[in-house]
**Student:** 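Structure provided below as structure tokens; questions to follow.
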Amino acid sequence: MSSSLLARTYANYEIKDGVAVIRINDPNSKVNTLSKPLQAEMTEILEEIWGNSAVKGAVLISSKPGSFIAGADLNMIQACKSAEEVTTLSQEGQKMFDKIEKSPIPIVAAINGSCLGGGLEFAIACQYRLATKSKKTVLGTPEVMLGLLPGAGGTQRLPKMLGIPAAFDMMLTGRNIRPDKAKKMGLVHQLVDPLGPGLKSPEEATIQYLETVAIEAAKNLANKKLSVKKEKGLVQKLQDMVMGLPFVRKQIYNMVTKKVMGQTKGLYPAPLKIIECVQTGIEKGTTAGSLAESVNFGNLAMTSESLALRGLYHGQVACKKNNFGSPARDVKNLAVLGAGLMGAGIAQVTVDKSVRTILKDTTVEGLTRGQQQVYKGLNDKTKKKAITSFQRDTTMSFLTGQLDYRGFDQADMVIEAVFEDLNVKHKVIKEVEAVIPPHCIFATNTSALPIKEIAAASKRPEKVIGMHYFSPVDKMQLLEIITTDKTSKDTTASAVAVGLKQGKIIIVVGDGPGFYTTRCLAAMLAEAVRVLQEGVGPKKLDALTKGLGFPVGGAALADEVGIDVAAHVAEDLGKALGSRFGGGNVEVLKTMVQKGYKGRKSGKGCYVYEKKSKDKKVNPGVEEILKNHKSCTDVQYRLLSRFVNESVLCLQEGILPDPVQGDIGAVFGLGFPPCLGGPFRFVDSFGADKLVQKMHRYEEVYGNQFSPCQLLLDHAKDSNKRFHK
Amino acid sequence: TFVFRMFNIVLVDGVRTPFLLSGTSYSDLMPHDLGRGALQGLLNRTGVPKEIVDHIIYGIVIQEVKTSNVAREAALGAGFSDKTPAHTVTMACISSNQAMTSAVGLIAAGQCDVVVAGGVEFMSDVPIRHSRKMRKTMLSLNKAKTLGQRLSLLGSIRMGHLMPELPAVAEFSTAESMGHSADRLAAAFGVTRVEQDEYALRSHRLAKKAQDEGLLSDIISFQVPGKNIISADNGIRPTSMEQMGKLKPAFVKPHGTVTAANSSFLTDGASAVLIMSEEKALALGYKPKAYLRDFVYVSQDPKDQLLLGPTYATPKVLEKSGLTMEDIDVFEFHEAFAGQIVANLKAMDSDWFAQNCMGRKSKVGVPPMEKFNTWGGSLSLGHPFAATGCRLVTTVAHRLQKEGGQYGVVAACAAGGQVFLPKYTYAQLARADTEYSRGATVQVFLVHSFGLFSVHVLCMKMTMCKSVQKHF
């Protein structure tokens, strides 16, 4: 029966009962990507199938359990030298999918696992789509997050399939769509349940089941028992009618554009181009739309923004691996000391992965608050229907709250998140070491205290490591792991393994005051304080920082971090690292703390925080303080250059192992503008020489905080030196 | 101190009311009415003096709130002594199995000599409640002191308060209905629609044959108060493959394989058995029908292994008593869904499943079909959740007598939210050898089904009372 005797590498097919089952399986990767060789083989197969009158329908399926097609091969785009080359790639994709759309026989896309980007565009060109309800099945067009647009017909097909608003939402946010939602919005026609173990493993059984159901659907489509036309509901009909009016559509384009501009500050070109392509397709026809799509795709691929975002994507993938090998033993029992915001957050992301966790505090009040925080985090997920109430309860059952050290003799790792004070940390480490087993790792969650100083109180410094989480822990993706020269490799491997289990993106950096992230942030905040002192109001400062692409403005960020923490860190780092950390007068922060303006947590900081008011008001008390500390333009580059210089210095000093982790840490931990790709990517694209020039100018005015570090100077001298190849 | 008595426990006799489709002739009754019918029938058939009954245990799944200890209400109504204690147990579809094994436990522990066990299910009426919001308002209304307070409470009632709450459609722990789970299970074992329909048809044909030949002698007639006398099951419908093939899938749409015709239907009915120590039975001059030897309960993952209990439990009970599949003369497995039975048979025949899921070296082995549910099963006779267990056990005894065998095994799987830890066994008796194993419970309401199917694995081994027969 099988005519697939001609074995291909990326895709093969066999004919079952008059239906050609095309199976995709990239031999070199865990996921399938839409690469040139796959496209070539696919075209051959389709020609063969269309030429075979015995074939009445086709099924497109992946042999990999977790991946249908995860997207286009990014290296294929990376390899292109010009926009025109990328445009050609896009047009080849468009052509292939157009042929599929016009296929004389029905083609059923059977989706199990990730169906993203080019993979999704492939699927929506097919006549019918089935998806499994597996947890791994997600659909989406994440191109926008890489500074690109769906370049193989996506901007043309999606609006027709889903309606203009839903298509915009999908393409402009790039978010993942779960199977249930996909069915509801009309992205897939039919859902298939994943199976448990039977005569095969659950994964194999599920794929086979999906295939069987898909073959049935293909046959039914071929003999017209099944129709893809769906009866439109009243709401749908109404929406279609309204969308038929040109002025309504115009309003929508304008509204969406305005919203995009508001959110991106015009720093990201891709969303605007997506709107343009959709508009062209709808108003001027698909031919014009497709042309706009391919041309814009080519242009976007060459932008520095896309380069930056793609760099972040690769970096993020790299930072989700454990480069330290597998640890000698798994962490099965974890204990967290301190049920504050951080401690409870760490506990939440740990129990979420079914790891037994003890949350210890010293007071009943503190413990209650912490446990409530964990419960609330999980309950919010229940309310959003991400988990059931039963899952919430069983997850909660992994958490034990207590005031004593009971059960610590079973702990494989203890993470302390107690008050940031060296004496307190020393006391805690001694107490804990008296009760934990010899193999247990002691991790400290500190944002600035050097780990080796904390480890000085330990009897077993090789088991001590820093794990710097970011607040709120359940939302922030980054984990900065800090090793001292005494930390053993196994301890590091174990900490990375725990972090990965918690779903974190991980950078591993060397020890030093403020490590990597806090140091860069402190440098920038010091400059922000100086800017405030110069008479730029908090609102203006925030607008300027956000204008760079930071998600949160400088003043608001200081409030979030806590003015007291900022003051503490600024003073400590100033002492440890000298006048480079000068700029803003630490007294400003200290006076604010004295007056009780500690930031959001105290209700007042740079801003006044009231429960219900959305629009935050500038704290008049702060304006008063700033008046007394009065000390311009170029604010943005002053902020940025201090951040960047500190990052490069961290690399120079060996605190950072490589620029990739530096970029990832800055973007995912501190909100460094993603469109710039991180401090190192920024230096590459902006030009080290230009940056150094600017810094020298600032140096003359403000002093040595702006002295470029040696590594930056080296890069400025030699334009061939780049942080990213 | 307890003195465990090391002697045999016997099934003296068992009866049941006819099992009827819900919403038919029993529809105006209450659960304890049916329970009363079964208990009265047992009294009449066995002639057991009511004052010697030490205890009564009854099972039920969907509770009527007015008769929460349905055992006591039914026993009093049936004319048992008001000096006999009675309690109610619940364990999804093996509730009456739980009643029987509790009885065995009481006798083995020396607490009792004569125990009546049974179960009832009444799906023609189920408790539909006011919404939680409305209940809260009504309860506050009770406590309101002034007219103003009352008015303000009444004023707070909104449309949303008026939505009634139906009994759960889905398993609490997994949010999946049992029919849905059965469909996935069938798919995981590659059980086709045709195989399922064929098995269901077999069940109906065999039930019809047993009915026609008068083999279903455990049935006692039931007089519906003010109406006619019911003396036969009404769900047995041997149709044809063509007719069954026309039905659309009931749970997984459009590609599912479980339909209304290859699933057990919502049923009203009750059953009861009389269990004694052998010594006592003989002293009273009874000729017991079977020994109850041993039992085992097992639990699995309620998501993917919900209905696979029989596969897990059967080998356990056999190994425990040093028997093999070949030694068994009669198999009675509860048929929740045709797909579930066929999937279990395939699981028992699979080395992969035995090695990867059960930690065994090789497959369990399949019961021969000529010994398997030969008088019909839950698919055709009906499945009043808490009454099925006693029907299975009584049927095994009757089949052993009729067919002349020595050993019988009962297996039933049950839904069960409380099962979360996989493979956890409980209830082991000193020397019996009847096994119960337990999967997880599922409640399926509505669809076409307003039904709660539970599937519990109950493996019960029985031996004919050869020694007893020699006595007489």
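Note on naming: letters A, B, ... go to the chains in the order of the sequence lines (proteins, then strands), and numbering restarts at 1 for each one. All figures in this text were calculated on a predicted structure; none of them were measured in a lab.
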**Student:** Quick check on A:Leu226 against chain B: is it the side chain, the backbone, both or neither that has a heavy atom closer than 4.5 Å?
**Tutor:**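 Neither; nothing under 4.5 Å.
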**Student:** Which bit of A:Ser201 comes within less than 4.5 Å of chain B, counting heavy atoms only: side chain, backbone, both or neither?
**Tutor:**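 When you check distances to chain B, atoms from both the backbone and side chain of A:Ser201 fall under 4.5 Å.
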**Student:** Any chance NE2 of B:His130 has more than 12 other-residue heavy atoms, nucleotides or ligands included, within less than 6.0 Å?
**Tutor:**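 It does not: B:His130 NE2 has 12 such atoms or fewer within range.
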**Student:** How about NZ on A:Lys376, more than 12 heavy atoms from neighbouring residues, nucleotides or ligands closer than 6.0 Å, or not?
**Tutor:**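 Counting neighbours around NZ of A:Lys376, 12 or fewer heavy atoms of other residues, nucleotides or ligands fall under 6.0 Å, so no.
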**Student:** Please give me the minimum heavy-atom distance between A:Asp193 and B:Arg184, naming the atom from each residue.
**Tutor:**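 Result for this residue pair: CB-CD, 3.3 Å.
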**Student:** Is the CE atom of B:Met369 crowded by more than 12 outside heavy atoms at less than 6.0 Å?
**Tutor:**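 Buried by this count: over 12 neighbours within 6.0 Å.
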**Student:** How long is the straight-line distance from NE2 of B:His255 back to CD of A:Gln190, given to the nearest 0.5 Å?
**Tutor:**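 Taking CD in A:Gln190 and NE2 in B:His255, the distance rounds to 5.5 Å.
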**Student:** Among B:Pro254, B:Ala343, B:Gly256, B:Gly190, single out the residue with the greatest number of heavy-atom pairs under 4.5 Å to chain A.
**Tutor:**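 Most pairs with chain A among the choices: B:Pro254.
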**Student:** Just checking B:Arg135: does its CZ atom have more than 12 heavy atoms from other residues, nucleotides or ligands closer to it than 6.0 angstrom?
**Tutor:**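 Enclosed: over 12 neighbouring heavy atoms sit under 6.0 Å from CZ of B:Arg135.
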**Student:** What are the two closest non-hydrogen atoms of B:Asp304 and A:Pro197, and how far apart are they?
**Tutor:**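 What the structure gives for the nearest pair is CB-CD, 3.9 Å.
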